[in-house]
Visitor: 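Okay, here's the structure, questions in a sec.
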Amino acid sequence: MKSAITAILIIGVFIGFLSPFGMDEIPLQWSISYWLTTCTLGYIVYMPLTYYGDLLLMKVLPVHWCRIALSALVGSILMSFVVPIINWVFFSQQVDYHEQFWQVLPKTIVIGGALTFVSLIQDYLSWQKNELLVQKKLNEAHQQRAEKEGNLPLEKFLALLPIDKRGELYCLEMADHYVKVYTSQGHHLLLMRFKDALKLLENYPGLQTHRSWWVSKSAITALKKDGRKISLLLVNKLSVPVSRTYADNVKSSDIH
């Protein structure tokens with residue numbers, strides 16, 4: 001809230017300094033005072049409208065920016081009634097809505113759009129900051145739990161993935177110079193050698209089933225046999241092949 005008001009005041013001073021719409025003929029301090037008043041009243045009008053408009057229109061308009069744009073337009077219409085009053089206070093101009101409304105409306109749309117955009121940027125930065133703090137706390141909690149449970153190698157490996165792909169590890173698949181990592185949050189390609197990935201996970205309960213595959217034991221739901229072909233079914237519905245070379249790994253793990 002405080003940062004948003006500060007931003008509005010900065011915008012008001014900046015616009016006042018530019019003295020747009022023919023205001024270069026009046027004293028600078030008068031122009032700045034006018035625009036500080038206009039921007040402050042604009043904030044009072046636009047912010048509740050965009051906030052509650054976003055909530056009320058959620059069922060009708062699924063796109064966030066469309067809801068904000070429509071709410072800002074309503075705010076611009078209201079400000080077109082407020083600005084003539086501000087002009088009357090500062091310049092003693094007679095209020096005539098029949099003529100002044102249509103003259104003021106395009107200007108309020110531009111100024112209101114700028115104020116709304118600044119507010120959206122402020123909200124996004126605040127949300128992003130909170131998300132990073134939450135993610136940092138989650139990572140710290142995961143690391144503490146990993147250290148307690150002896151799963152620190154897994155946490156170090158998962159730290160190589162994007163935040164939105166980190167989850168319960170299911171399996172690895174070699175893909176040329178990449179390793180395709182499957183987790184409960186989807187999959188992601190890591191630019192690293194398959195054997196280097198296996199080395200990172202050597203102390204984690206899993207097994208290599210093929211020269212191109214490694215699976216986490218906790219992700220296995222069933223063993224499937226089709227003649228001489230053997231495969232493992234995982235919780236994500238993926239079927240992982242078991243080659244003859246690594247068949248003993250599966251047998252020794254007592255997987256049925």
Visitor: Assess whether side chain to side chain contact (heavy atoms under 4.5 Å, CB included) is satisfied between Val181 and Lys165, documenting all intermediate values.
Guide: CA-CA 9 Å; Val181 183; Lys165 297 300 181 183; over 6 Å; no
Visitor: So Leu234 and Cys171, side chain to side chain contact (heavy atoms under 4.5 Å, CB included) or not? Walk me through it.
Guide: CA-CA 9 Å; Leu234 307 186; Cys171 65; 3.7 Å; yes
Visitor: Check this for me: Asp176, atom CG, are more than 12 non-hydrogen atoms of other residues, nucleotides or ligands nearer than 6.0 Å?
Guide: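 Result for CG/Asp176: open.
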Visitor: Measure the OG1-OH distance between Thr183 and Tyr170 for me, rounded to the nearest 0.5 Å.
Guide: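 The distance works out to 7.5 Å.
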Visitor: Once rounded to the nearest 0.5 Å, what's the spacing between atom CG of Leu57 and atom SG of Cys66?
Guide: 10.5 Å
Visitor: Taking atom CG of Asn236 and atom OG of Ser184, what is their separation to the nearest 0.5 Å?
Guide: 9.5 Å
Visitor: Is a side-chain donor or acceptor of Arg67 paired with a backbone partner of Gly53 at a separation under 3.5 angstrom?
Guide: no
Visitor: Starting at OG1 of Thr245, measure out to CD of Gln208 and round the result to the nearest 0.5 Å.
Guide: 9.5 Å
Visitor: How long is the span from the CE atom in Met47 to the OG atom in Ser71, to the nearest 0.5 Å?
Guide: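 Rounded to the nearest 0.5 Å, the CE-OG separation comes out at 10.0 Å.
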Visitor: Tyr34: which residues meet the side chain to side chain donor-acceptor pair (under 3.5 Å) condition with it, sequence neighbours left out?
Guide: Asn87
Visitor: Are Phe91 and Phe101 linked, directly or through other ILVMFWY residues, by side chains that come within less than 4.5 angstrom of each other?
Guide: yes
Visitor: Membership question, hydrophobic clusters at under 4.5 Å side-chain separation (ILVMFWY): are Leu161 and Leu189 in the same one?
Guide: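 No, no single cluster joins them.
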Visitor: Is any side-chain heavy atom of Leu172 closer than 4.5 Å to one of Trp213?
Guide: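 The answer is no, as the side chains (C-beta and beyond) never meet within the 4.5 Å cut-off.
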Visitor: With a 4.5 Å heavy-atom cut-off, do Tyr182 and Leu238 have their side chains touching?
Guide: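 Touching, per the 4.5 Å side-chain cut-off.
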Visitor: For the hydrophobic clusters of this structure (ILVMFWY residues joined by side-chain heavy atoms under 4.5 Å, transitively), does one cluster hold both Tyr178 and Leu201?
Guide: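 Tyr178 does not cluster with Leu201.
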Visitor: Just checking Tyr97: does its OH atom have more than 12 heavy atoms from other residues, nucleotides or ligands closer to it than 6.0 angstrom?
Guide: yes
Visitor: Is there a side-chain contact between Arg193 and Met174, using heavy atoms and a 4.5 Å cut-off?
Guide: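 No; the side chains remain at least 4.5 Å from each other.
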Visitor: Please tabulate, one pair per line, all N/O donor-acceptor pairs under 3.5 Å involving side-chain atoms of residues 73-85, not counting sequence neighbours.
Guide:
{"from": "Ser76", "atom 1": "OG", "to": "Tyr46", "atom 2": "OH", "distance (Å)": "2.9"}
{"from": "Ser76", "atom 1": "OG", "to": "Ala72", "atom 2": "O", "distance (Å)": "3.0"}
{"from": "Ser76", "atom 1": "OG", "to": "Thr108", "atom 2": "O", "distance (Å)": "3.4"}
{"from": "Ser80", "atom 1": "OG", "to": "Ser76", "atom 2": "O", "distance (Å)": "2.8"}
{"from": "Ser80", "atom 1": "OG", "to": "Thr108", "atom 2": "OG1", "distance (Å)": "3.2"}

Visitor: Anything under 30° is parallel, anything over 60° is perpendicular, the rest tilted; go ahead and classify Tyr204 against Trp214.
Guide: tilted
Visitor: What heavy-atom pair brings Ser218 and Glu168 nearest, and what distance separates the two atoms?
Guide: OG-OE2, 3.7 Å
Visitor: Would Val60 and Leu49 show up in the same hydrophobic cluster when neighbours are defined by side-chain heavy atoms closer than 4.5 Å?
Guide: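 Different hydrophobic clusters.
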Visitor: Are side-chain heavy atoms of Thr209 and Leu232 found at a separation under 4.5 Å?
Guide: yes
Visitor: Side chains of Val179 and Leu191: closer than 4.5 Å at any heavy-atom pair?
Guide: no
Visitor: Does Ile15 share a hydrophobic cluster with Ile109, counting links as ILVMFWY side-chain heavy atoms below 4.5 Å and allowing steps through other members?
Guide: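 Cluster IDs for Ile15 and Ile109 match.
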Visitor: Looking at every non-hydrogen atom in both residues, tell me the closest pair between Leu158 and Gly167 and how far apart they are.
Guide: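 In this case the closest contact between Leu158 and Gly167 is CD1-O, 3.5 Å.
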Visitor: Looking at every non-hydrogen atom in both residues, tell me the closest pair between Leu207 and Lys217 and how far apart they are.
Guide: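 Smallest heavy-atom distance, with atoms named: CD2-CG, 3.7 Å.
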Visitor: Remaining members of Tyr52's ILVMFWY cluster at a side-chain heavy-atom cut-off under 4.5 Å?
Guide: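 So far as hydrophobic clustering goes, Tyr52 is joined with Tyr51, Leu55, Met58.
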Visitor: Determine the minimum heavy-atom distance between Lys180 and His187, stating which atoms define it.
Guide: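 Heavy-atom minimum between the residues: CE-ND1, 3.5 Å.
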Visitor: If you take all heavy atoms of Phe194 and Arg211, which pair is closest and at what distance?
Guide: CE2-O, 3.5 Å
Visitor: Would you say that Val110 contacts Lys107 through its side chain, given a criterion of any heavy-atom pair below 4.5 Å between the two side chains?
Guide: no
Visitor: How long is the gap from CE on Met192 to NZ on Lys199, to the nearest 0.5 Å?
Guide: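 The distance works out to 11.5 Å.
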Visitor: Please give me the minimum heavy-atom distance between Pro48 and Ile44, naming the atom from each residue.
Guide: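 So the minimum-distance heavy-atom pair works out to CD-O, 3.0 Å.
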Visitor: Is any side-chain heavy atom of Ile32 closer than 4.5 Å to one of Phe14?
Guide: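 A side-chain contact under 4.5 Å is absent here.
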Visitor: Surrounding CZ of Phe90 (heavy atoms of other residues, nucleotides or ligands, distance under 6.0 Å), is the total greater than 12?
Guide: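 Yes, because the 6.0 Å sphere around CZ of Phe90 holds more than 12 heavy atoms from other groups.
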Visitor: Would you say the side chain of Leu233 lies within less than 4.5 Å of the side chain of Ile220, judging by non-hydrogen atoms?
Guide: no
Visitor: Might you work through the side chain to side chain contact (heavy atoms under 4.5 Å, CB included) test for Leu160 and Leu200, ending with a clear yes or no?
Guide: CA-CA 11 Å; Leu160 300 173; Leu200 283 174; 4.1 Å; yes
